[in-house]
Number of protein chains: 2
Amino acid sequence: MVTRKEVAELAHVSEATVSRVFNGLGPMKAATKERVLEAAKVLGYHPNAIAQSFARRRSGNLGVILPYMPKVHLFSAFYFAEILSGIGEQVREQGYDMLLSLLTPDDELDYGRLYRSQKVDACVILGARDTESQRNSLIQLQEQGHSFCLVNQRFEGLSFLEVDADHVEGSYQAVRHLLAEGYQKIAFLNGSPQYSNSLDRLHGYEKAMLEAGLTIEPELMFEGNYSRTSGYEAAAKLWEMRDRVEAIFAANDRMAIGLMQGLRERGWVAGRDFAVIGCDNSDAAKLSDPPLSSIGVPFFEMGKQAARAVLARVGHGAVEHELQVKLPTELIVRQSSRIGKGGV
Amino acid sequence: MVTRKEVAELAHVSEATVSRVFNGLGPMKAATKERVLEAAKVLGYHPNAIAQSFARRRSGNLGVILPYMPKVHLFSAFYFAEILSGIGEQVREQGYDMLLSLLTPDDELDYGRLYRSQKVDACVILGARDTESQRNSLIQLQEQGHSFCLVNQRFEGLSFLEVDADHVEGSYQAVRHLLAEGYQKIAFLNGSPQYSNSLDRLHGYEKAMLEAGLTIEPELMFEGNYSRTSGYEAAAKLWEMRDRVEAIFAANDRMAIGLMQGLRERGWVAGRDFAVIGCDNSDAAKLSDPPLSSIGVPFFEMGKQAARAVLARVGHGAVEHELQVKLPTELIVRQSSRIGKGGV
DNA sequence: TTGTATGCGTTATCAT
DNA sequence: ATGATAACGCATACAA
């Protein structure tokens, strides 16, 4: 390994000067800089990132924490891929690297390990849920002065750095769309209330229904776990009460697709016999038959902003970032909800 | 930050002894160990990972390199999610962390940056293609003595660490299945030959066709780019020659699904009017209508073995790993190919 | 079984 | 504009 020392010798300067050249610090003679750069090139010198981290007392790594579940995909792969790409784009711009950490439920209490070991300067946390234990872990993390930003999850009553999407508005638009298409008996298949976006979607649903002068029928409210299978299972229940249902709003695409599959097996075809809208506008929405109307969520941008926010916080006097940001969602109408019933 | 020194003082031992306790080295009195641990606990001491890396001259990070394409998904998200999880499971077992690096095409010539900066001890490379420039980059990397393992990509004529799946056999089984169902006019929608698995699939297709006494019709061979859209576009061409096609084997699920969508728009329904088999057995295969028969590829296991192989190589005299491993694939039959034409 | 001493490659402070 | 040098927190070879 070629070190700064060798470069300094070859360039006939001190080691400090070599560092200055590579860090662009202080005024210096162009000739000196040239000589150092030349020597470095000849020797093939590259600063040792670990030594730099050690000396600077920061790792240059942004931790990305995600729940780890062997061979299980509670969240769609799409969701993570988008967010990861967004984070990736941002860290690259700031010269950081991404340290990926898959946390099992057992580790949830140990969010702090990465920080304590100094492997990361800050973290972006994906897939968090509002449980007693996670709440406590995050509060503790905050008390210890560690910087983190949550993506797509809010914790009411607590003041964390959060980048979320406007799921209330998205759901509101989805249901408004169904209403405009002439549907009134609209069921709602939600996910676990441990996710703030589930609660948001419920609010959006309720708001649209009430505004339309309709009542919220408890028997039209279902809860799945965001998996295709849970949507498929909900189809059986919906089928039993098909005379009371014209349309369904599902809290994600996977459940919506499972739902369509289950109902199709019984001869009820989405976009013909009933309407469906999902959430996420994932690839699966385009791949399904019929193509699924969905609420688009800017996952890429959310990842990017989360990384930016949390790096700004640890950065050297960088721009201040609002504590909580909420990005807009977007209704994407496809065939699954397009036929309508004649409109209002 | 609490350091080893403070622990040593409180426990009335030397700093070296503290290190020994935390690294489980050498024989030591149980009482001493107890005292050190107690002191560490009282002070809240945690070894500084960066200082450790610095002293050990290894980072403890496994680099994971993936092609980066803003908002584009050439590979399915499923593919990466599975492999990443597999790598994650393995690194966790070995006490390593994953450093994610998204490389743009421009960076392809600079595979070495991560190594030179000492940020990683080894890399797993995903999504590599057999192009002139990538070949050269990898050869150079190898010459510089850097350890890496390729996943799902082989480079003929070169001797790299590679973990692949048996795509030849998978394709062979897929086509055999179609033949057994009574189809003989079997088209093949492949991906770019820059991917070794595309070539493998071609070989499997040819082998099965020739064994069945059939000829390879060049007009039945199509090339897409692994995207749904390219499958959708291929549907138009296939439709033109529908009298000469009974079944289609596609090199991934996304193209197969695009294909089904395109043909359905023309009234040709998969599993009824023609048969289709895809590859990857991704989530999309289960979500599509009809459910898509597919060749399952053990991406999770491939990621895991790749991480294992390359960490063994840099590890302290760990077990030797074969240079090239090839994991078995698996035919998953679903409705898209199930109807058959009455058998052979 | 434990202590001592050296080195790891930078950054950053203080001289000059 | 540049040089000298003290940290930084740990691993490890060698001594005791």
Side-chain angles (χ1 to χ4, degrees), chain A residues 1-40 43-61 95 97 115-121 315-316, chain B residues 1-40 43-61 95 114-121 315-316:
Chain A
M1 149 175 286
V2 35
T3 72
R4 192 181 60 159
K5 185 175 181 181
E6 306 171 46
V7 176
E9 284 169 3
L10 182 57
H12 299 296
V13 295
S14 71
E15 294 188 43
T17 297
V18 176
S19 281
R20 286 193 196 96
V21 169
F22 275 84
N23 294 324
L25 292 178
M28 61 180 55
K29 254 198 301 207
T32 311
K33 179 173 175 179
E34 204 52 53
R35 219 156 7 105
V36 169
L37 255 21
E38 177 61 20
L43 296 174
Y45 168 76
H46 294 274
N48 181 326
I50 290 189
Q52 286 180 321
S53 294
F54 182 51
R56 290 185 179 128
R57 273 174 288 285
R58 26 182 219 93
S59 66
N61 293 151
D97 282 294
Y115 294 97
R116 287 195 300 270
S117 71
Q118 320 271 321
K119 272 228 155 185
V120 302
D121 301 331
H316 3 271
Chain B
M1 150 176 284
V2 35
T3 72
R4 192 181 62 162
K5 184 175 181 183
E6 305 171 47
V7 176
E9 284 170 3
L10 182 57
H12 299 295
V13 296
S14 71
E15 294 188 43
T17 297
V18 176
S19 280
R20 287 191 195 97
V21 169
F22 275 84
N23 294 325
L25 291 178
M28 62 180 55
K29 254 199 299 209
T32 310
K33 179 173 176 179
E34 204 51 53
R35 219 157 6 105
V36 169
L37 255 21
E38 177 61 20
L43 297 174
Y45 168 75
H46 295 273
N48 180 326
I50 290 188
Q52 287 179 321
S53 294
F54 183 50
R56 291 187 178 125
R57 275 175 291 282
R58 20 182 224 93
S59 66
N61 293 151
L114 281 175
Y115 293 97
R116 286 195 300 269
S117 71
Q118 320 273 316
K119 272 228 156 184
V120 303
D121 301 332
H316 3 272

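In what follows, every chain begins at residue 1, and chains take the letters A, B, ... in the order their sequences are listed.
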- [ ] Can you measure from CD (A:Gln52) to CZ (B:Phe54) and round to the nearest 0.5 angstrom?
- [x] 11.0 Å
- [ ] Can you measure from OG1 (B:Thr17) to CZ (B:Arg4) and round to the nearest 0.5 angstrom?
- [x]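 Spacing of OG1 (B:Thr17) from CZ (B:Arg4) equals 9.5 Å.
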Open item on the list: When you compare the ring of B:Phe54 with the six-membered ring of D:dC8's base, are the centres less than 5.5 Å apart and the planes under 30° from each other?
Closed with: no
Does a side-chain N or O of [X] approach OP1 or OP2 of [N] to a distance below 4.0 Å, or not?
| X | N | result |
| --- | --- | --- |
| B:Asn23 | D:dA11 | yes |
| B:Arg57 | C:dC8 | no |
| B:Gln52 | D:dG9 | no |

Open item on the list: Taking A:Asn61's backbone N and O only, do any of them form a donor-acceptor pair with A:Asp97's side chain (distance below 3.5 Å, no angle check)?
Closed with: no
- [ ] Look only at the side chain of B:Glu9 and the backbone of B:Glu6, and say whether a donor-acceptor pair between them is shorter than 3.5 Å.
- [x] no
TODO: Classify the nucleic acid contact of B:Arg4 as base, sugar-phosphate or nothing, counting any heavy atom under 4.0 Å across all strands shown.
DONE: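 Answer is base: heavy atoms of B:Arg4 come under 4.0 Å of a base.
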Open item on the list: Students often get this wrong, so: under 4.0 angstrom with heavy atoms, is A:Tyr45 touching a base, only sugar-phosphate, or nothing?
Closed with: sugar-phosphate
TODO: Using a cut-off of strictly less than 4.0 Å between a heavy atom of the residue and any atom of DNA chain D, enumerate the qualifying residues of residues 13-20 of chain A by number.
DONE: A:Val13, A:Ser14, A:Ala16, A:Thr17, A:Arg20
Task: Members of residues 29-36 of chain A that approach DNA chain C, where some heavy atom sits under 4.0 Å away - done: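 Result for residues 29-36 of chain A: none.
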